[in-house]
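To keep things clear, I will list the structure first and then write my remarks on it.
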Protein chains: 4
Amino acid sequence: MTTLALQIGTQVKDPERVRLRREQIVHAAVELFIQKGFHRTTTREIAKASGLSNGALYEYVETKEDILFLVCRHIHQEVRNRLADCLRLPGCGAEKLRQALYSFCEVMVAMQDEILLIYQESKALPKVYLREVLAEEQMVVGIFEKLLYEGIEDGSIQLPADRVSILAQDAVAMGEMIAFRRWALRAFEGPTLLATQVDLILRAAGVSP
Amino acid sequence: MTTLALQIGTQVKDPERVRLRREQIVHAAVELFIQKGFHRTTTREIAKASGLSNGALYEYVETKEDILFLVCRHIHQEVRNRLADCLRLPGCGAEKLRQALYSFCEVMVAMQDEILLIYQESKALPKVYLREVLAEEQMVVGIFEKLLYEGIEDGSIQLPADRVSILAQDAVAMGEMIAFRRWALRAFEGPTLLATQVDLILRAAGVSP
Amino acid sequence: MTTLALQIGTQVKDPERVRLRREQIVHAAVELFIQKGFHRTTTREIAKASGLSNGALYEYVETKEDILFLVCRHIHQEVRNRLADCLRLPGCGAEKLRQALYSFCEVMVAMQDEILLIYQESKALPKVYLREVLAEEQMVVGIFEKLLYEGIEDGSIQLPADRVSILAQDAVAMGEMIAFRRWALRAFEGPTLLATQVDLILRAAGVSP
Amino acid sequence: MTTLALQIGTQVKDPERVRLRREQIVHAAVELFIQKGFHRTTTREIAKASGLSNGALYEYVETKEDILFLVCRHIHQEVRNRLADCLRLPGCGAEKLRQALYSFCEVMVAMQDEILLIYQESKALPKVYLREVLAEEQMVVGIFEKLLYEGIEDGSIQLPADRVSILAQDAVAMGEMIAFRRWALRAFEGPTLLATQVDLILRAAGVSP
DNA sequence: AATGAATGAGCATTCATTCAT
DNA sequence: TATGAATGAATGCTCATTCAT
């Protein structure tokens, strides 16, 4: 479950400063990548929007792809952070699952652009980076797997064990769909949409409504 | 619901020749875009792979984006073609839905790369083109909407009418997920995977298993 | 004696045009490299001085190093061409050697800058190219070796066979010295200088003056 | 004939410290320049290899070219130092010349890389520096001139006076050739090579073998 | 004196598109 | 219609040098 945090090269020694500057960079880059895509965004634009000079940018990062990786990692961290809270709530497995699904969908709504960004641009990542990004996505799937098992054990969920993995994948897909297909989903009210998605997974998990 | 087929500019008069050459272009470009992505593919490469000269390419197309559009349109046509057959089969709404879902998932498996391509690269499309591409995708959603209504009418599906649209979207999302998340789904056997996905939607549609 | 001519990559199909344009490029580059050195010369400058656009330059060449290689090869060809004539003259080995040495020194005077260029910049060549450039230089050494053997055979030169190679090297070095050390040799009159150098080698070759 | 030692700018007052630090710098730079050439070596690399910070480097030197100059001067000093000893030996002019030539060739073998460095990179020196570097090289030539005159006077060398300068140049060139053309000379054994070179000059100087 | 982060002009190279033939 | 050479703006990245601390 723990991933070796990949180290991005930097010329700068003070780690706190590196953290800070990279935050600026990521902040600027997310915006730009969302607007124009990775390939149509220039490093010059990123530097400017970060408040850094062209050269300074490359003190904190070695390639443009590094920036994309930092962006993807940041987004996944954000998703996991927002999800973390709801996992500490009390309740049976089914109840916790419902909560988690709902939270996840909310996060997907809030972070539509960022999720889309990852799907659209991760192809541009060098393989090493891509592997880590996918691993981080799997961590979210892992959360749902754990909740499903919990529910199966406490009897609140009826599901053959060999369906757990696949359904956890579906749960994530169902949520991400909100981001992917937003242009088609704008017609629906938020609460209805979320309820439907959550319900869809719960039914498949054999939770009585 | 029908969209006027957008006209792509060409210098060439004979429409049959245009059709033919564009077929060559699309054929070459699909392959290249899948392998390297839209931005990393050069028009030179496309020309070469199409058996055209640099200049000739631009007789049949005005910009690189035109090619991407032709590619997306071609893929959607292919999807609809492959789906069309199963719609003429007899049976109640639920039965036809099951068939359609299954076929759709099969198509998604067969055309993984192409589906992924559309999602990853359509951002590069000029707005006018993007609109048409999305409209074509909606046509597939429309197919599932129609089947759901059919089932509701003949009593084989229990679903409040206001859920129809959303569920049709889910059906498409469920299928496309197979393409998007294939790296996570490689572990599962094809038949199991498809059955699960189809079942998921049918349950949500209130079809008794 | 024949070297596999290394092929430099080009986008252009017509070989005659390639030859022509590369001639322009080499012509411009020699001048610039002599003036400012390889590293201080920009490809833009070379393009401009060749009468080509930035882009066109790269239709005939793949990297800046390619240009340096073309330049070195051109210079060596020129040297060999100028030397070739005097080799067909009649006379005993010693006489032909004297002629060749004199011609070679003349060429070194005429091509001072170019010779210096090769020595100063060949370090920047990729290994494959460097090998070929050195091989071409060895061809000149080979000419002197052949003449020495000729003289030994016809009795006009007294030299143990195991000194032939080393002396051929010296002959070339003695000539190239005129290029390398011209700043120190400006003081001497051309004819005296050349005579001295030729004499030096002939003596070492055991030719009675 | 003596040149005012050029003053390189520095921010630092204590001359002993300047001497010390510059020694570090030169030591690091020689190595790097030999390996990668002047232009491909960055000041950052030099600073790091010297154990100095980026900023500190520029306290002891004003430009990158200053470093190259210091390096060249250092090398020449080293050459002269190594040569100095053999000049104090007793013997007639011819004998001393033979000794000096041999020592010089030995130094050239030992300092191949450094000699090559000077020839390849001195073009990058600002004119003022270049003049001094050439002047230092002439000092070595001067040594051989002096020895030749000594031999002429004591009768051990037969040479018209107007050939002295030119032959002294040749002596240096002959030695340096060992460095320049080492790729071609690897085939020969050291002692043979040196003996040949020394003999070549002695013959030209009219010293009976 | 020393540090090391910041600057920004500069460079090799690419590539969509045009156009003379 | 077709060819393929030409264009030139744009881009990712480097690095000598400066300067606040």
DNA chain F: 5'-most and 3'-most nucleotides touching chain A, 4.0 angstrom heavy-atom criterion: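 Listing 5' to 3', DNA chain F meets chain A from dT11(F) to dC15(F).
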Positive for side chain to side chain contact (heavy atoms under 4.5 Å, CB included) with His76(D), one of Val133(D), Val71(D), Ile115(D):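 Among Val133(D), Val71(D), Ile115(D), the one meeting side chain to side chain contact (heavy atoms under 4.5 Å, CB included) with His76(D) is Val133(D).
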Among Arg22(A), His27(A), Arg21(A), side chain to side chain contact (heavy atoms under 4.5 Å, CB included) partner for Gln24(A):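 So, applying the side chain to side chain contact (heavy atoms under 4.5 Å, CB included) to Gln24(A) and each of Arg22(A), His27(A), Arg21(A), only Arg21(A) qualifies.
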By side chain to side chain donor-acceptor pair (under 3.5 Å) - contacts of Glu78(B) (at least two apart):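 Partners of Glu78(B) under the side chain to side chain donor-acceptor pair (under 3.5 Å) test: Arg82(B).
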Pairs satisfying salt bridge (Lys or Arg N to Asp or Glu O under 4.0 Å), at least one member in residues 51-73 of chain B, at least two apart: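 As it turns out, the salt bridge (Lys or Arg N to Asp or Glu O under 4.0 Å) pairs with a partner in residues 51-73 of chain B, which skip direct neighbours, are Arg40(A)-Glu65(B).
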Sequence neighbours excluded, every pair satisfying salt bridge (Lys or Arg N to Asp or Glu O under 4.0 Å) that has a member inside residues 8-18 of chain B: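 For residues 8-18 of chain B, and leaving out neighbouring residues, the salt bridge (Lys or Arg N to Asp or Glu O under 4.0 Å) pairs sorted by first residue read Glu16(B)-Arg19(B).
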Which atom of Val12(C) lies closest to which atom of Thr10(C), heavy atoms considered: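 Nearest heavy atoms, Val12(C) then Thr10(C): N-OG1, 3.0 Å.
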Leu6(C) to Val128(C) - nearest heavy-atom pair and separation: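 Answer, listing the atom of Leu6(C) first, then Val128(C): CD1-O, 3.8 Å.
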Sorted by number, the residues of residues 59-66 of chain B with heavy-atom contact under 4.0 Å to DNA chain F: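 Glu59(B), Tyr60(B) - these, ordered by number, are the residues of the stretch whose heavy atoms sit under 4.0 Å from the strand.
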Strand contacts (DNA chain F) in residues 42-58 of chain B, 4.0 angstrom heavy-atom criterion: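 Of all residues in residues 42-58 of chain B, the ones placing a heavy atom under 4.0 Å from DNA chain F are Arg44(B), Ser53(B), Asn54(B), Gly55(B), Ala56(B).
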Any donor-acceptor N/O pair, [X] side chain to [Y] backbone, under 3.5 Å:
| X | Y | result |
| --- | --- | --- |
| Gln35(A) | Leu32(A) | no |
| Gln120(C) | Gly37(C) | no |
| Lys36(B) | Thr42(B) | no |
| Glu121(A) | Phe38(A) | yes |

Contact list for DNA chain E against residues 15-41 of chain C - heavy-atom distance below 4.0 Å: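 Under 4.0 Å from DNA chain E: Thr41(C).
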Paired and unpaired positions of DNA chain F as dot-bracket, Watson-Crick or G-U wobble under 3.5 Å, | denoting a partner strand: .||||||||||||||||||||
Listed by chain and number, what are the ring-ring contact (aromatic ring centres under 6.0 Å, His included) partners of [X], not counting sequence neighbours?
| X | value |
| --- | --- |
| His39(B) | His39(A) |
| Tyr129(D) | Phe69(D) |
| Tyr60(D) | none |

Extract all donor-acceptor atom pairs below 3.5 Å that involve side chains of residues 50-58 of chain D and protein atoms in other chains or at least two apart in sequence.
residue	atom	partner	partner atom	Å
Ser50(D)	OG	Ile46(D)	O	2.4
Ser53(D)	OG	Ala56(D)	N	3.1

Separation of dA16(E) P from Gln11(C) CD (nearest whole Å):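 Going from CD in Gln11(C) over to P in dA16(E) covers 13 Å.
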Asp14(C) or Asp14(B), whichever maps to the more 5' nucleotide of DNA chain F: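 Nearest-nucleotide comparison on DNA chain F picks Asp14(B).
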